[in-house]
Amino acid sequence: MDSQNLRAFLAVAESGSFSAAALALHLTQPAVSKRIATLEAQLDCKLFDRISRQITLTEAGQTLLTRARAILNAIDDTRKALGNLSDKVSGSLTMATSHHIGLHRLPAVLKTYSKRYPDVRLDIRFIDSEQAYTALSQGEIELGIITLPPDNQPPVIARPLWLDPLAFVVAPEHPLTQQSRIQLKDLGRFQAIFPDNRTFTHHIVKELFDQAGLTLDISMSTNYLETIKMMVSIGLAWSVLPETMLDETIVRLPVKGADLARTLGVIHHSERTLSNAGRAMLALLEELEQP
């Protein structure tokens, strides 16, 4: 089996679209269709059902999906292992990070890295931390710089880098700013805006309310922290945001017994070979972490 045909298969399977797969692979749609047809001929089975405009995996396609990822990961690992025989730091480094971390934590890291290793092509995907965690688990990226999950599990290795304190925030004119003492139950009387319930940040806050036997009144949800900040600043809801985002447009609430923080860090897969470029990034992050 040709690895390029397997990559085309994965692209179609994951996007559910031949046109989207062609765009992701920088190919024409007929070229992607030809690669799938070749793979189906080699395997002597149908991999996709094409009903109207819907693309779904057949039973054979479902069986191939996990194996195709494993095959391509093994090829990539072999390429990295051979490349690591040289001390040269070059090639491509595919990594993912959240928009917030990319904006507030990574500029200095990326600037130093690109100057130190000009032969490395950085392929950075800006996605939610939870999506990055899944992508790394499936071998789609080499490194993730994300909000770390509260209960990380092998084979993912998580290294903490920064403690990110969180603050309860409202608009300057919000009724809660008139109270001298604020408790969690006071927050429960007002509407909140939060990232969706699949995010690590949501879990951190919800666990705090669950332990107190309280319910969050979440009226709106978005994973973009800058959007949450805007909605809070115009008085539509309260929320929890990183302290690095505090400014004159929002007010921090001193909530009794509710000190919150999340941990930001880097993840990689223990069963996959790190490239020289990936090792260099880990070393730089460790270096810049030092006081």
Side-chain angles (χ1 to χ4, degrees), residues 3-4 6-16 20-21 23-26 65-84 89-107 109-110 112-114 117 119-149 151-162 198-201 223-224 262-286 288-289:
S3 65
Q4 297 305 317
L6 285 176
R7 292 188 193 280
F9 165 75
L10 276 182
V12 175
E14 291 168 354
S15 66
L23 187 64
L25 296 172
H26 306 289
L65 185 60
T66 301
R67 288 168 172 77
R69 289 196 181 107
I71 291 168
L72 291 175
N73 286 344
I75 292 172
D76 289 342
D77 284 350
T78 302
R79 185 180 295 113
K80 290 172 188 173
L82 294 174
N84 288 350
V89 179
S90 60
S92 177
L93 173 59
T94 303
M95 53 188 286
T97 190
S98 69
H99 289 85
H100 178 75
I101 294 175
L103 180 64
H104 293 275
R105 301 285 184 172
L106 286 189
V109 174
L110 297 177
T112 300
Y113 187 90
S114 61
Y117 307 108
D119 294 330
V120 175
R121 183 178 68 84
L122 289 173
D123 178 7
I124 304 175
R125 305 178 187 180
F126 291 92
I127 55 180
D128 293 342
S129 292
E130 299 73 28
Q131 292 175 304
Y133 192 92
T134 299
L136 184 122
S137 299
Q138 295 179 347
E140 297 173 16
I141 59 173
E142 188 171 348
L143 296 177
I145 303 177
I146 65 169
T147 299
L148 297 181
D151 56 347
N152 179 67
Q153 299 292 328
V156 175
I157 296 175
R159 174 178 172 75
L161 294 173
W162 307 286
R198 294 167 295 181
T199 63
F200 302 142
T201 301
N223 291 353
Y224 293 97
R262 58 186 188 171
T263 303
L264 312 180
V266 59
I267 56 173
H268 63 96
H269 203 293
S270 64
E271 297 173 1
R272 297 205 61 198
T273 303
L274 281 174
S275 64
N276 284 346
R279 294 175 188 274
M281 177 62 78
L282 285 178
L284 177 61
L285 288 167
E286 183 176 355
L288 295 180
E289 181 195 10

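Throughout, numbering of the chain's residues begins at 1 and tracks the sequence.
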Margin query: Can you confirm whether N276 sits close enough to S90 that some side-chain heavy atom of one is under 4.5 Å from a side-chain heavy atom of the other?
Written below: no
Next item on the list: List the steps and the verdict of side chain to side chain contact (heavy atoms under 4.5 Å, CB included) for T78 and L82.
Entry: CA-CA 6 Å; T78 302; L82 294 174; 4.2 Å; yes
Item checked: Side-chain touch F126/T97, heavy atoms, less than 4.5 angstrom -> yes
Check: At their closest point, which heavy atom of A132 faces which heavy atom of I146, and how far apart are they?
Finding: CB-CG2, 3.7 Å
Notebook entry, point to check: Which atom pair, heavy atoms only, marks the closest approach of R262 to T147?
Noted result: NH1-OG1, 3.4 Å
Note to self: With side chain to side chain contact (heavy atoms under 4.5 Å, CB included) as the test, pick out the partner of L161 among L148, L285, L264.
What the structure shows: L285
Note to self: Within the structure provided, determine whether R272 and D76 are in side-chain contact (heavy-atom separation under 4.5 Å).
What the structure shows: yes
Next item on the list: Check step by step if side chain to side chain contact (heavy atoms under 4.5 Å, CB included) holds for M95 and I141.
Entry: CA-CA 5 Å; M95 53 188 286; I141 59 173; 5.7 Å; no
Next item on the list: Check the pair T273, R79 against side chain to side chain contact (heavy atoms under 4.5 Å, CB included), reporting the backbone distance first and the verdict last.
Entry: CA-CA 9 Å; T273 303; R79 185 180 295 113; over 6 Å; no
Checklist line | Pairwise distance CD(Q131) to OG1(T134) - rounded to 0.5 angstrom | finding: 8.0 Å
Next item on the list: Work out which heavy atom in I145 is nearest to a heavy atom in L106; give both atom names and the distance.
Entry: CD1-CD2, 3.8 Å
Check: Sub-3.5 Å donor-acceptor pair from the side chain of S270 to the main-chain atoms of I157, do we have one?
Finding: no
Show me, pair by pair, the donor-acceptor contacts under 3.5 angstrom made by side chains of residues 65-73, not counting sequence neighbours?
residue, atom, partner, partner atom, Å
R67, NH1, T63, O, 3.2
R69, NE, E14, OE2, 3.4
R69, NH2, E14, OE2, 3.3
N73, ND2, R69, O, 3.3

Next item on the list: Could you check if a side-chain atom of L110 sits within less than 4.5 angstrom of a side-chain atom of I124, using non-hydrogen atoms only?
Entry: yes
Check: Hey, is the main chain of F200 close enough, under 3.5 Å, to the side chain of E130 for a donor-acceptor pair?
Finding: yes
Check: Crowded around Y224 OH? As in, over 12 foreign heavy atoms under 6.0 Å?
Finding: no
Next item on the list: Provide the closest heavy-atom pair for E142 versus G278 in the form atom of the first, atom of the second, distance.
Entry: OE2-CA, 3.6 Å
Notebook entry, point to check: Looking only at heavy atoms, which two atoms of V89 and A277 are closest? And how far apart?
Noted result: CG1-CA, 3.8 Å
Item checked: Non-hydrogen atoms of L25 and A8 that approach each other most closely -> CD1-CA, 3.7 Å
Note to self: Checking L284 against Y117 for the side chain to side chain contact (heavy atoms under 4.5 Å, CB included) test, could you report, in this order, the C-alpha distance in whole Å, the side-chain angles of both residues, the deciding distance, and whether it holds?
What the structure shows: CA-CA 11 Å; L284 177 61; Y117 307 108; 5.5 Å; no
